[in-house]
Engineer: 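Below is the structure I would like to discuss, written out as structure tokens.
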Amino acid sequence: MLNNNHKNVLLLENIHPNASSIYQNESFKVKTMDSGLSEDELCEQIQGVSILGIRSKTRITKKVIKSADKLLAIGAYCIGTNQIDLKCCSDNGIVVFNAPFSNTRSVVELAFGEIIMLIRGVFEKSYQLHKGAWIKSADRNFEVRGKKLGIVGYGNIGSQLSVLAEAIGMQIYFYDIDDKLVLGNARKCDTLNDLLAIADVVTIHVDGRSENKNLIGQKEFDLMKEGTVFLNLSRGFVVDIAALVKNIKSGKISGAAVDVFPKEPKGNNEKFFSELQNLPNVIITPHIGGSTEEAQKNIAEFVSNKIVDFMFKGRTTLSVNFPSLQLPEIKSAHRLIHIHQNIPGILAKINNILASNSINIVGQYLKTNEHIGYVITDICREYDREMITDIRDIPGTIRFRLLY
Ligand code: NAI
């Protein structure tokens with residue numbers, strides 16, 4: 001049951017106000033902050049908080065999770081979740097939700113706009129013109145039509161970019177480590193090397209798994225064509241920045257757009273430094289691929305609604321770390337939520353306790369993943385405190401809650 005002990009929400013990193021409204025409408029008390037917090041600051045601020053909302057800057061470490069005394073849910077108001085120790089969250093019965101596709105379109109539009117700007121050398125020309133230099137020339141300015149776009153990572157963003165870019169006349173090549181549905185006339189490359197060798201524009205849209213650190217380094221730039229346009233709007237650590245800079249300076253890379261960096265400021269007050277600054281035909285943007293009004297609103301609503309559904313109904317659909325589970329609401333029933341280590345026999349133990357208290361089960365569902373088991377049980381009659389204690393005491397229990 002959600003009592004006043006579980007009513008505090010902390011939203012960091014300037015999350016769209018629609019998130020606060022959704023929680024406030026459900027009588028939660030919401031505290032918001034514009035920037036992220038360091039580990040120590042967060043350990044302090046997280047006291048008494050049941051729902052924590054973050055974006056990509058705040059790291060949720062073991063220390064943070066151990067400091068949390070009331071935490072039930074974390075909302076990652078972004079796509080990536082590798083800033084969160086998910087295993088530790090699962091082990092402590094904390095559910096994590098993200099917004100896997102609420103800002104896909106925004107990233108795609110930025111990437112596509114940048115491809116055109118870079119191929120036409122627009123930034124360079126505009127920069128010169130601001131300084132008074134009128135350089136009216138077609139030299140090394142191209143249309144995108146007919147050019148080969150190499151998309152590395154054909155997930156939500158990569159595949160949508162494929163559709164958009166093909167519509168405007170580009171030839172699409174992609175490489176993904178998983179099997180993917182090929183959209184339109186896109187062509188799948190068997191290896192990353194094949195893609196790098198053929199593309200006029202290489203754009204990176206892989207996810208943030210740790211193996212992707214320095215996925216693109218000197219060896220990969222060596223494989224690209226002379227004058228390739230290069231974009232990274234995925235994760236900063238995926239590209240070796242020193243190698244990218246070297247290749248921009250040599251002209252091998254004729255233009256680049258980078259939206260994500262290995263080290264990014266925590267907030268708007270912190271200064272940004274990068275070797276990519278002040279290079280010609282390089283667009284650098286402060287991690288704004290997904291930062292449109294539309295996307296922020298979509299994310300705020302998507303994640304907050306998922307968390308509210310979890311808090312009041314136990315639903316875990318599209319959770320990042322919990323088994324995906326939902327049961328229809330049964331009128332005049334009580335709903336019990338049991339989160340446990342994934343070891344055999346726990347469901348039997350719960351049901352034995354219910355049976356020995358003559359409690360009839362009207363609905364029940366168990367689902368497990370590699371770390372935890374999650375059971376929703378609906379029962380049709382009053383229960384007593386002792387029964388609750390018995391269920392809580394089942395060895396392997398991580399968390400037990402009565403929802404209604
Ligand atoms: P997704 O998970 O739908 O797609 C990622 C794809 O990359 C998957 O198909 C996966 O199989 C593939 N992949 C992973 N490692 C690979 C490798 N080494 N080689 C080839 N393919 C590989 O993710 P989504 O939604 O498309 O996002 C892509 C990236 O964009 C993520 O890193 C995400 O964090 C980032 N992003 C950046 C934003 C920004 O503001 N710049 C906003 C939103 C997302």
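Order of listing sets the numbers, starting from 1, for every ligand and every atom in it. No hydrogens, no waters, no symmetry mates; every other heavy atom, side chains included, goes into these values.
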Engineer: For atom CZ of R59, is the number of surrounding heavy atoms from other residues, nucleotides or ligands below 6.0 Å larger than 12?
Structural biologist: no
Engineer: Does atom NZ of K266 have more than 12 heavy-atom neighbours, drawn from other residues, nucleotides or ligands, at distances under 6.0 Å?
Structural biologist: no
Engineer: Identify the protein atoms, limited to N or O, that lie within less than 3.5 Å of an N or O atom of ligand 1, and list each pair with its distance to 0.1 Å.
Structural biologist:
from     : atom 1 : to   : atom 2 : distance (Å)
ligand 1 : 3 (O)  : N156 : N      : 2.9
ligand 1 : 3 (O)  : N156 : ND2    : 3.3
ligand 1 : 9 (O)  : D176 : OD1    : 3.4
ligand 1 : 9 (O)  : D176 : OD2    : 2.6
ligand 1 : 9 (O)  : K180 : NZ     : 3.0
ligand 1 : 11 (O) : D176 : OD1    : 2.6
ligand 1 : 15 (N) : N212 : ND2    : 3.0
ligand 1 : 18 (N) : N212 : OD1    : 2.8
ligand 1 : 21 (N) : I177 : N      : 3.4
ligand 1 : 26 (O) : N156 : N      : 3.2
ligand 1 : 26 (O) : I157 : N      : 2.8
ligand 1 : 32 (O) : V206 : O      : 2.7
ligand 1 : 34 (O) : R235 : NE     : 3.0
ligand 1 : 40 (O) : G289 : N      : 3.2
ligand 1 : 40 (O) : G290 : N      : 3.0
ligand 1 : 41 (N) : L233 : O      : 3.1
ligand 1 : 41 (N) : D259 : OD2    : 2.8

Engineer: Tell me whether the NZ or CZ atom of R401 lies within the 45° cone about the ring axis of F310 and under 6.0 Å from its centre.
Structural biologist: yes
Engineer: According to side chain to side chain contact (heavy atoms under 4.5 Å, CB included), who are the partners of S159, at least two apart in sequence or on a separate chain?
Structural biologist: Y154, L183
Engineer: Check the surroundings of atom NZ in K246: do more than 12 heavy atoms from other residues, nucleotides or ligands lie under 6.0 Å from it?
Structural biologist: no
Engineer: May I ask you to check whether over 12 heavy atoms, not counting those of Y365, lie within 6.0 Å of atom OH?
Structural biologist: no
